[in-house]
Q: 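Provided herewith is a single structure, encoded as structure tokens, for subsequent inquiry.
Nothing here was measured: the structure is a model prediction, and the numbers come from that model. In what follows, chains carry the letters A, B, and so on, assigned in the order in which the sequence lines appear, proteins first and then strands, with residues in each chain numbered from 1.
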2 protein chains.
Amino acid sequence: MRRDSKLSGVLHVLLHMAQQPGPFTSETLAKAMDTNPVVIRRIMAGLRDLGYVRSEKGHGGGWTLACDLSKVSLRDVYAALGSPPLLAMGNRTEAPGCLVEQAVNAALDQAFRDAEALLLSRLGEVTLAMLGDGLRRRLGSRKLQGISAHQA
Amino acid sequence: MRRDSKLSGVLHVLLHMAQQPGPFTSETLAKAMDTNPVVIRRIMAGLRDLGYVRSEKGHGGGWTLACDLSKVSLRDVYAALGSPPLLAMGNRTEAPGCLVEQAVNAALDQAFRDAEALLLSRLGEVTLAMLGDGLRRRLGSRKLQGISAHQA
DNA sequence: GTCTCATGTAACTTTATATGTTACGTGATC
DNA sequence: GATCACGTAACATATAAAGTTACATGAGAC
């Protein structure tokens with residue numbers, strides 16, 4: 001399974017947007033993320049539908065934040081992406097007729113459910129505003145203002 | 001990402017083997033698992049290297065259990081498979097230069113690590129013997145002996 | 001009104017990986 | 001030495017994430 005990085009990506013975008021005002025075009029964001037504008041639009045679509053960001057067409061258009069960052073958790077963002085699978089492993093067969101497989105599934109499912117629940121809970125505890133704080137800490141330790149957050 | 005089901009698969013195999021004595025050929029196991037003998041050999045290789053099972057060539061050969069089922073946990077089996085990734089999500093970039101991405105990664109990594117640790121811990125609590133107990137419960141509720149555990 | 005810009009979205013391509021399959025080598029039993 | 005069963009490399013297939021192209025739609029700019 002290729003590793004899904006949409007959550008990581010969309011958080012990166014949101015945090016960049018929080019650093020400065022003004023609409024950002026998909027192309028601008030795509031450059032900062034070293035990816036394609038269409039990919040940006042794709043991962044932002046769910047956030048727009050939930051009202052976390054707004055998008056405007058035409059001249060001067062682009063993406064703008066439209067939510068209180070302290071009220072949106074990483075779990076909310078995850079949900080906005082359509083709640084993709086969290087675990088890389090799964091059962092060979094769901095609802096198997098084989099009793100052996102049922103026994104295996106039951107044991108694994110329990111562990112899987114617990115892990116997923118914990119992960120969701122952790123994501124629910126972190127808001128976008130907290131991510132911003134973490135970023136400011138990192139910027140501060142540079143002892144410089146005005147330095148780009150983007151640095152190869 | 002396609003979902004990895006090697007753990008589920010290998011547990012299924014081991015539990016089947018625990019139900020009756022005697023070496024099982026890869027082909028027999030493959031039929032029971034509705035897959036290919038080579039796949040069986042592949043997922044069993046790690047277990048053999050760790051001494052959980054033995055394999056014999058030639059006439060009357062095949063796979064045999066070689067461990068105390070009450071001493072081997074699902075976590076041990078997972079490790080025998082080479083500890084494949086547990087989570088379906090990951091960071092877009094490891095060790096990024098971008099401070100924004102660092103802030104995002106730091107937050108996600110914390111949540112990811114916690115979830116992985118919990119999952120491993122849960123897997124560590126369950127032994128193969130316990131899986132066998134679960135199976136016997138299911139068999140018992142059928143109120144019949146001799147009925148195949150394999151039933152479409 | 002029309003030109004340009006920016007999003008919206010479908011369709012296609014690329015890449016990664018899990019799984020399935022074929023082929024053949026090695027060693028053990030008959 | 002014929003057959004059986006594992007060991008393994010090489011190749012094929014399937015699925016899904018991510019990248020790309022193409023074009024439609026709507027909003028300013030002129």
Q: Pick the closest DNA chain D nucleotide for A:Glu56 and for A:Pro84 by heavy atoms, then say which residue is nearer the 5' end.
A: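 The answer here is A:Pro84.
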
Q: Could you please name the option among D:dA17, C:dA28, C:dT9 that lies closest to any side-chain atom of A:Arg41?
A: C:dT9

Q: Using OP1 and OP2 only, check whether a side-chain N or O of B:Thr25 sits under 4.0 Å from D:dA5.
A: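 Negative; the distance criterion is not met.
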
Q: Taking the side chain of A:Lys57 as its heavy atoms from C-beta onward, which of D:dT25, C:dT19, C:dG25 lies nearest to it?
A: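 Closest nucleotide to the A:Lys57 side chain: D:dT25.
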
Q: Looking at B:Ser5, I'd like to know whether one of its side-chain N or O atoms comes within less than 4.0 Å of OP1 or OP2 on C:dT19.
A: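 The answer is yes; a side-chain N or O of B:Ser5 sits under 4.0 Å from OP1 or OP2.
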
Q: Heavy atoms from C-beta onward define the side chain here; which of D:dA22, D:dC6, C:dT22 lies closest to that of A:Val38?
A: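 The answer is D:dA22.
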
Q: Find the distance B:Lys31:NZ to C:dG20:P and express it as a whole number of Å.
A: 16 Å

Q: To the nearest Å, how far apart are B:Asn36 CG and C:dA23 C1'?
A: 12 Å

Q: State plainly whether one hydrophobic cluster holds both B:Leu81 and B:Leu50, where clusters connect Ile, Leu, Val, Met, Phe, Trp and Tyr through side-chain heavy atoms under 4.5 angstrom apart.
A: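 They do share one cluster, since a chain of ILVMFWY contacts under 4.5 Å joins B:Leu81 to B:Leu50.
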
Q: Measure NE2/A:His12 against P/D:dA18 and give the value in whole Å, please.
A: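 So the NE2-P distance, A:His12 to D:dA18, works out to 15 Å.
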
Q: Need one value for A:Arg48: base, sugar-phosphate or nothing, where a base atom within 4.0 Å counts as base even if backbone is also close, heavy atoms only.
A: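 If one applies the 4.0 Å heavy-atom cut-off, A:Arg48 turns out to touch the sugar-phosphate alone, with no base involved.
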
Q: To the nearest Å, give me how far apart CZ (A:Arg54) and P (C:dA6) are.
A: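 It is 18 Å, rounded to the nearest whole Å.
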
Q: Between A:Ser26 and C:dT7, does any side-chain N or O lie under 4.0 Å from OP1 or OP2?
A: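 Result: yes.
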
Q: Go through the side-chain N and O atoms of B:Ser8 and B:Ser5 and say whether any donor and acceptor fall under 3.5 Å apart.
A: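 No.
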
Q: Base, sugar-phosphate, or nothing: which does B:Gly62 touch, judged by heavy atoms less than 4.0 Å apart?
A: sugar-phosphate

Q: Quick one: which of C:dT9, C:dT21, D:dT3 gets closest to the side chain of B:His59?
A: D:dT3

Q: Is there a side-chain contact between B:Leu131 and B:Leu74 in this structure, where contact means two heavy atoms from C-beta onward sitting under 4.5 Å apart?
A: yes

Q: What is the distance, rounded to the nearest whole Å, between atom CG of A:Leu7 and atom P of D:dA18?
A: 11 Å

Q: Atom CZ of B:Phe24 to atom C1' of D:dC4: distance rounded to whole Å?
A: 18 Å

Q: Send over the distance from A:Met44 CE to C:dT9 C1', rounded to a whole Å.
A: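 Going from CE in A:Met44 over to C1' in C:dT9 covers 16 Å.
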
Q: Just call it for B:Arg92: base, sugar-phosphate, or nothing, with non-hydrogen atoms closer than 4.0 Å on any strand.
A: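 Counting heavy atoms under 4.0 Å across all strands, no contact is made by B:Arg92.
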
Q: Between B:Arg3 (CZ) and D:dA14 (P), how many Å, whole number?
A: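 So the CZ-P distance, B:Arg3 to D:dA14, works out to 21 Å.
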
Q: Given D:dC6, is OP1 or OP2 found less than 4.0 Å from the side-chain N or O atoms of B:Ser55?
A: no

Q: Quick one: the side chain of A:Arg42 and the base of D:dG19, do they pair up donor-acceptor inside 3.5 Å?
A: yes

Q: When you match A:Glu27 and B:Pro85 each to their closest nucleotide on DNA chain C, which lands nearer the 5' end?
A: A:Glu27

Q: Take a 6.0 Å sphere around CD of B:Glu125 and say whether it holds more than 12 heavy atoms from other residues, nucleotides or ligands.
A: yes

Q: Check whether more than 12 heavy atoms from other residues, nucleotides or ligands sit under 6.0 Å from atom CG of A:Asp34, and answer yes or no.
A: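 Result for CG/A:Asp34: open.
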
Q: Can a donor-acceptor pair be found, under 3.5 Å and without considering hydrogens, that links the side chain of B:Arg3 to the backbone of A:Leu87?
A: yes

Q: To the side chain of B:Val39, which of C:dT7, C:dG20, D:dT21 is closest?
A: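 When the side chain of B:Val39 is considered, C:dG20 is the closest of C:dT7, C:dG20, D:dT21.
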
Q: For the side chain of B:Asp4, counting heavy atoms from C-beta on, which of D:dT21, C:dT19, C:dT22 is nearest?
A: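 Looking only at heavy atoms from C-beta outward on B:Asp4, the closest nucleotide is C:dT19.
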
Q: Let's test your reading of the model: under 3.5 Å, does the base of C:dA16 pair with the side chain of A:Arg2 as donor and acceptor?
A: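 Absent.
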
